[in-house]
Every structure is written in C-alpha cells, then in structure tokens.
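Here is the structure we will look at.
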Amino acid sequence: MQRSSGGGEGSGLRRREALGVIAGLGIGTVAFRRALAVSAVAAGQVTEEMIRDAEWIAGIELDDEERQGVARGLSRALRDVEALRDVPLGNDVPPALLFRTAESNAPPPATRRDTPAPPGEPESPPPESPPTDSPPPGRPASDEDLAFLSVAEVSRLLRTRRVSAVELAKLSLERLRRHDPELLCVVSYTEDIALEQAERADRELAAGKRRGPLHGVPWGAKDLMAYPGTRTTWGATPYRDQVIDATATVARRLDEAGAVMVAKLSLGALAMGDRWFRGMTRNPWNTEQGSSGSSAGSASATAAGLVGFAIGTETLGSIVSPCTRCGVTGLRPTFGRVSRHGCMALAWSMDKVGPIARTVEDCALVFAAIHGADGLDPAAVDRPFDWPPARSLRDLRVGFFGDMEGSRELAVLREIGVQLVPFELPDGHPVEALRLILDAEAAASFDALTREGITEGLNAWPGIFRRARFTTAVDYIRANRVRRRLMDAMERAMERVDAYVDVRRRDLTLTNFTGHPTVVLPNGFRNGRDGVEVPTSITFTGRLFGETDLLSVARAYQKATGFHRRRPPLG
C-alpha cells in the first residue's frame, strides 16, 4: 500500500513498522508477529488468512472468531498508525503536555501581577534587571584583558563610553576566527548581523537610551536556536544546510536587550556530546580533550574569552557537563522558566534553555533578560526573579551531604554566613530507568530519520531511536507516573532548604527529571590523565523557581573562592 507522507517522512508501510504495531498489541510470539508483519506489508492489511497461515510458526491455534477479532484489531491499528503518520509534524510541534484556553496562550500583558500564577499560566514579562552600581572600571591595558572581562564589567565600560559595542563585536569576531581552528566551536559567523546590532547599540547608548546591562555585549547562540538569515544545523550532518525562517524567543529577547550576536556555536549532533559534522569541539584548558556537550561550543567559546556569554540548553547534563569541563559558570533554570520556542526539540518534557558565562552575576543578568512566558512555548511560565537579591545570605538554608563534612566547600559556606543543614536526596526510586522517557521522546522528535534509515552524522542516536520504538505506550506512561512520585519526593526533600551544594553531580539525572534549577561554577583544578591541569566544578541546586536564592548563594561562593578568574592557556 502506497501513501502520501505529507511530511517528507517516506512512503509505504515498512516491515519493521508493522512489526512494531503488532508487537505493541502483545499478540503471539516474536515469530508469529514477524510472519504477520511480512504479510501485512505485502497486502496493506491483516486478513484472517494471514492469521491462519502464521499460526503454525508460532505454535498456536485460534478459532475462526478469534482470527476475525485479531485481524480486525490489527488492521484498524495499522490504519490508525498510517493516518497519524500522514499528518505533517515539524520538530517544533510538542505533544499535548499542557491544556490551555486560547486566551492563556496569548502573549502576556505588559504589567506583572503581584503573586505567582498557578502552574502553566503565563504572567507578564519580568522587569529589567537594574544595572550594577559599582564604580566604572578603567579600560584594560590589552585586548586580551578586555576579552575576559565579565558582562557586568563590560556593561559599565559601555555605559560610560570607555569602549564601543562595535569595538567589542570586532574583537569577539577576530578572536573567534583566531581560535576556532583549534577549538572547533563555531558553526557560523554572524558578522553582518553583529555589526548592524553593535552600530545600533552605540547610537542608542550615545543618545542615552540604555536597554539594560546586556546592551552592546557580544554573545554566541548554541546552533539549535533559529535566527533569520542563518543556518540552524543542530550539529548534525542531515541538517547542516538547514535554514529556519524564525527567531527563537531567547534570541528575540536578547535582541530586545541590545545584546550583539556574533556567532552560532557548535553542539554535538542532535544535542549529544561534543562531536558534530566538522569534528570535536575542544576544551580550551586542554585541546587534546573534547569540551563535553552538548552545549560544547557555548562553553568552549565562553571559557576562551571569545564571547561575553553564550546560550546553552540542557536535557540531561548539556549545560552542567561542558561548564564543568571548560571551567565556566552555567545556569540550568527550572523547567519552563525560559521559552524554547524556535529551539530544536529533543525531549519536550525535559528540555531547558539557560545562560553560560564566566560569572554567576553574568548568568543572573542574562537570565533576567530571557526568562518568562511568551505565549509560544506551552510549557513556559512566568515567575518573579529579583536581581540583585534582597534576601540576606544569613537567612538562606543550604543543604549538604554527609560525605562533605570537613570539606573546604563547607568551610567557605560557613564563612559567607549561610545556614548549613544536613540534606539527603530522595531514595527508593529507579531514577536511571526514567531515561526511557528521554529516549522515547527523542525518537518521536526524529521519527522521520529512523523510518528513512538516515544514520550518518548522528552520533549514537540511531541505535537509541531504533530501540525506543519498542518502548510501549504503557511503559512510557508508567515511567512518567514514577517520575511524578519522584517529583513529589524531591519537593518534600527541599522543604527544609533553599538550596543544596554538591561536588559529585550525584543528582544530575534526578534533577533533570524533577525540573529543579542548578548553577555550576569552577571550584579548583586537578591534574588530568595526561598531566595537564583542568578545572573542577561545584553545583548548587535550588527550589523550583528559586533562582534568586540559588544564584545569590552561588555568587557569594564564587566571590569568596575566585577560581573563575583564571584563564585557559590558549595560543
């Protein structure tokens, strides 16, 4: 039976597809299902004769009424699958995770409500974060020093006209071109866009129109974010020439904040690891080593002083892991805090967008500009975010694990004045088994690749996609019910603390399924296997929508330790 795909997803009912449907119905043995699948492909439907002919292979015997029932059920199921596959679905179409009225999906109003909305209901956009009021620094003696200033420091230079946005954009582009052959962190240079945005920023700043602390600051976009006139390759060979005529919400908000986009940065193919169609993105601290992923280019370019900040995404470690490897600071916000509209979908119930920068303060300034509902991502919500924070550190309760007793980290936290509270993660839940949720959603996101047999340049995804097709709907739903139990247990665990600290990343899988926010920052150095010194990291994880308190603790720790001030030995 031939069909029109409607979505460019191939034609004809393949044997493995029929087998998947038959297997999902749980009928007969594997051999029986295979025999039915072969016959169904040839005839386009399942008949009583097919059932009868396949019975001897399976060693079972059905009566006429049972054969009729099985044939009718399988034929109907195959027709349903065909009808579903005839519907064109782009990567930007999410499943029905949330249900809203048309009014609640509209862009939020211009003023913020005083109290948070119920989960899933958008509020108004956040107010602009106030500028840092520290005295303006003098211009650094060298371009190298200028390149490694924090966003907050560069913002003060721009505000006082000690440096121009065009000068910063050109410096960033020059450094990207100089170091990319070694780091392989750039997918596309956006020079024309950058210079146009920088010239506009200089005109506005000269006229006294300041959009906020990001105005005129160069940044890089992980290349799964759509932006008009640029390729959006998703790091994968099948999409290396893809152009999406849309603007991701996070990019639009950075445009509105006056930031200057200088490049689209690398990611591992379809957001896996640090290998993409040009090779492996490198760690600036040790260029024999990959930068980890999947926000590989975002972390590498930020660590090397090639951009003021970058945007990354995380489904299961893609901000935390490369920030750890490259010695930079990253914020993985609460799930739903930042709209993913215009970004590649990998797992709709897990994907998160967040900033990567050289300081916690910088992450806070970027987060203030990008968070909030937009009426386009159905999972995106608005919650208050206040920066600078008003709450005293002495009022904040920070949890710690028993194996951290006597550590340098706890000594620093005592010195900065937070209340330390013993903490344990919820146990008794098969957390690692929940990965089948990610695999199933990712396989659905890229279903066309699997059915068309496309495997080149996709890292380990093809095998994962094929295996995920044998996950039943019942098992996927059951996994999400277990996930609900885990989320409830985590909420109870967090009742006694505002945040908790960890140096082992023992919660990476758990918190990506529960949606809790984490900030990762440099925490010292160690000798790698080849004797080269590389960074280590520490993470702080906060309550849902508790980014203000979370970043407040992390900023104080970072100021007290100063590990973020060291630079990688490039060139």
Side-chain angles (χ1 to χ4, degrees), residues 1-89 93 95-96 430 433-455 458 460-482:
M1 178 177 66
Q2 297 295 314
R3 65 183 177 90
S4 172
S5 70
E9 297 185 351
S11 62
L13 183 63
R14 297 175 182 175
R15 182 183 305 182
R16 63 176 177 270
E17 296 169 350
L19 176 60
V21 173
I22 293 168
L25 294 176
I27 298 173
T29 65
V30 172
F32 179 61
R33 296 167 190 164
R34 291 189 184 280
L36 283 181
V38 171
S39 301
V41 169
Q45 61 178 340
V46 179
T47 66
E48 295 174 49
E49 290 74 19
M50 292 178 192
I51 302 295
R52 183 184 295 109
D53 291 343
E55 286 174 19
W56 71 272
I57 300 174
I60 63 173
E61 185 175 349
L62 305 175
D63 60 30
D64 289 343
E65 184 177 355
E66 290 169 335
R67 291 188 193 105
Q68 291 173 3
V70 170
R72 284 196 302 271
L74 287 174
S75 295
R76 183 168 58 250
L78 291 173
R79 287 195 300 271
D80 289 345
V81 170
E82 286 290 279
L84 290 170
R85 288 176 178 163
D86 279 339
V87 178
L89 293 173
V93 181
L434 296 179
R435 288 174 181 249
L436 73 82
I437 295 172
L438 189 163
D439 293 350
E441 292 187 19
S445 295
F446 296 99
D447 181 46
L449 295 178
T450 304
R451 290 192 283 119
E452 292 173 12
I454 297 172
T455 60
L458 299 177
W461 281 122
I464 295 172
F465 292 162
R466 287 191 291 265
R467 291 194 300 272
R469 293 178 72 85
F470 291 92
T471 299
T472 68
V474 172
D475 289 333
Y476 172 79
I477 293 172
R478 185 175 188 83
N480 273 294
R481 294 171 69 195
V482 172

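This chain uses plain numbering: 1 for the first residue, then up along the sequence. The model shown is predicted, which means the values in this text are computed figures rather than measured ones.
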| field | Value rounded to 0.5 Å, distance of CD in Glu441 from OG1 in Thr471 | value | 11.5 Å
| Can you name the side-chain contact (heavy atoms from CB on, under 4.5 Å) partners of Ala440, sequence neighbours left out? | Tyr476
| side-chain hydrogen bond (donor to acceptor under 3.5 Å, both in side chains) involving Arg435 - partner list, sequence neighbours excluded | Glu432, Thr509
| said: For the CD1 atom of Ile437 and the CD1 atom of Ile477, what is their distance to the nearest 0.5 Å? | reply: 11.0 Å
| message | When you compare the side chain of Leu436 with that of Arg478, does any pair of heavy atoms fall below 4.5 Å? | response | no
| Looking at residues at least two apart in the chain, or sitting in another chain, which of them share a side-chain contact (heavy atoms from CB on, under 4.5 Å) with Leu438? | Thr315, Leu316, Ala347, Met350, Ala442, Trp461
| field | Nearest-0.5 Å distance that lies between atom CD in Gln68 and atom OG1 in Thr47 | value | 11.5 Å
| message | Please enumerate all residues that pass side-chain contact (heavy atoms from CB on, under 4.5 Å) together with Ala444, with sequence neighbours excluded. | response | Trp348
| field | Close side-chain approach of Leu458 to Leu449, heavy-atom, < 4.5 Å | value | yes
| said: Exactly one of Thr450, Thr455, Asp439 should register a side-chain contact (heavy atoms from CB on, under 4.5 Å) with Phe465. Which one does? | reply: Thr450
| Results of side-chain contact (heavy atoms from CB on, under 4.5 Å) for Arg467 - residues two or more places apart only | Ile464
